[in-house]
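Inspection log for the structure reproduced underneath, given as structure tokens.
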Amino acid sequence: MNYLKPSTVEEATELLGSSQGMILAGGTDACVYMAEGFCDPETLIDIGAIDSLRGIETQPSDDGDVLWIGACTTISEIEASEALPRALRQGAHAIGSPQIRNLGTIGGNICNASPCGDTLAPLLSLEARFVLRSATGTRTVESADFFTGPKQTVLQAGELLECIDLPIDSCEWISAFRMIGNRNGQAISQVNAAVSTKLEGGVIQAMRAAVGSVAPVPLRLPQLEGALVGKTLQSVQWADLKAPIMAEIRPIDDVRSTATYRQELAVTLIFDALMDCARQDESARKGADT
Ligand SMILES: Cc1cc2nc3c(=O)[nH]c(=O)nc-3n(C[C@H](O)[C@H](O)[C@H](O)COP(=O)(O)OP(=O)(O)OC[C@H]3O[C@@H](n4cnc5c(N)ncnc54)[C@H](O)[C@@H]3O)c2cc1C
């Protein structure tokens, strides 16, 4: 096997274009796949030492300011960044153990494209955009359009994920993430969910919700989003959520859970995330009054 370690993105995309090698970031998924024989790449391109692929900062863009996150920013760095929305930080915190979070990257979590990846529902609920780069240029894809199936994405041969852009206004909304796994330590999500809400006096002006592990790809829930606009968060009932969520999800039975349990979990986790948003809003308003 050839092991290549470029120090710039330009070098990485040139190597990717000429060798069709496999990208290695933190290696927490890729090394497991290689060890278990699921893949045997001729060339590995380790992008872990490219400084310009790492960091979190506000940057201007054609559509207004964005919070820029380099693809090789580690999950621990995402978890610790106070600049990032709560849902994304909570999703990062739910991943594996400290060792996995120190090595694993947000770009790896995205490109691995597991339906249960714990940063994916938060990214969809924040309307994140993914910037893909090849030796010939860049293109931007909405997070909701990036995933095409389990472990499948719109990434083309020769392309890598360079960064994630979060629109600044979505970072100002109140957000929350919830997941349930079989046990507390290092359990992969049976279902995960994230919501992001724009509130005025406790009333939902706009809302975005996404769930993972209930379909071949992480899903936005537009029917639910529309159904809750105009309501106060406090008045939302578990039963209000059931019909619009059931209409959109497609869970299956597998080793981690049954489809029926996943349906109940999706509703409960969205409800619980909304109640987290209600508590955040209440304490922000109390703080503003004092
Ligand atoms: C013990 C254990 C527990 C785990 N627990 C969880 C969990 O609770 N929740 C969860 O979501 N995940 C979990 N994971 C999975 C994994 O840690 C995460 O998905 C992690 O974020 C992957 O990042 P990485 O940098 O290690 O990716 P890598 O392993 O380096 O890469 C993963 C895949 O993405 C591709 N890739 C990586 N970066 C790019 C890029 N910039 N552009 C294009 N392609 C790229 C690689 O080619 C590879 O196919 C766990 C893994 C282990 C081993």
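Counting convention: from 1, in listed order, for ligands and their atoms alike.
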May I ask you to check if ligand 1 and [X] share an N or O to N or O distance below 3.5 Å?
X	value
G26	yes
T28	yes
G96	yes
L161	yes
E159	no
M22	no

I47 near ligand 1, heavy-atom distance under 4.0 Å?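 Yes; I47 lies near enough to ligand 1 that a heavy-atom distance drops under 4.0 Å.
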Out of C111, C39, G117, A25, whose heavy atom sits nearest atom 43 (C) of ligand 1? C111
Mind running side chain to side chain donor-acceptor pair (under 3.5 Å) on T119 and N109 for me, showing each step along the way? CA-CA 7 Å; T119 66; N109 199 238; 2.7 Å; yes
Residue-level breakdown please: for N109 versus ligand 1, do any non-hydrogen atoms fall below 4.0 Å on the side chain, on the backbone, on both, or on neither?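 Both backbone and side chain.
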Is there a path of hydrophobic side-chain contacts, each under 4.5 Å between heavy atoms of I/L/V/M/F/W/Y residues, joining V229 to L233?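 Different hydrophobic clusters.
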Do L126 and L269 belong together in a cluster built from hydrophobic side chains that touch within less than 4.5 Å? yes
Take atom [atom1] in [X]; do more than 12 heavy atoms of anything else shown fall under 6.0 Å from it?
X	atom1	answer
D51	CG	no
K198	NZ	no
E57	CD	yes

Go through the steps to decide whether D253 and T258 satisfy the test side chain to side chain donor-acceptor pair (under 3.5 Å), and finish with yes or no. CA-CA 4 Å; D253 293 330; T258 63; 4.6 Å; no
Ligand-residue contact atoms, ligand 1 with [X], heavy atoms, under 4.0 Å:
X	value
A30	28 (P), 29 (O)
N112	34 (O)
A94	8 (O)
L155	43 (C)
A71	41 (N)

Would you mind telling me which of R89, R101, Q90 makes a side-chain hydrogen bond (donor to acceptor under 3.5 Å, both in side chains) with E79? R101
Cation-aromatic face contact R208/W173, 6.0 Å, 45 degrees: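 Here R208 passes the 6.0 Å and 45° test against W173.
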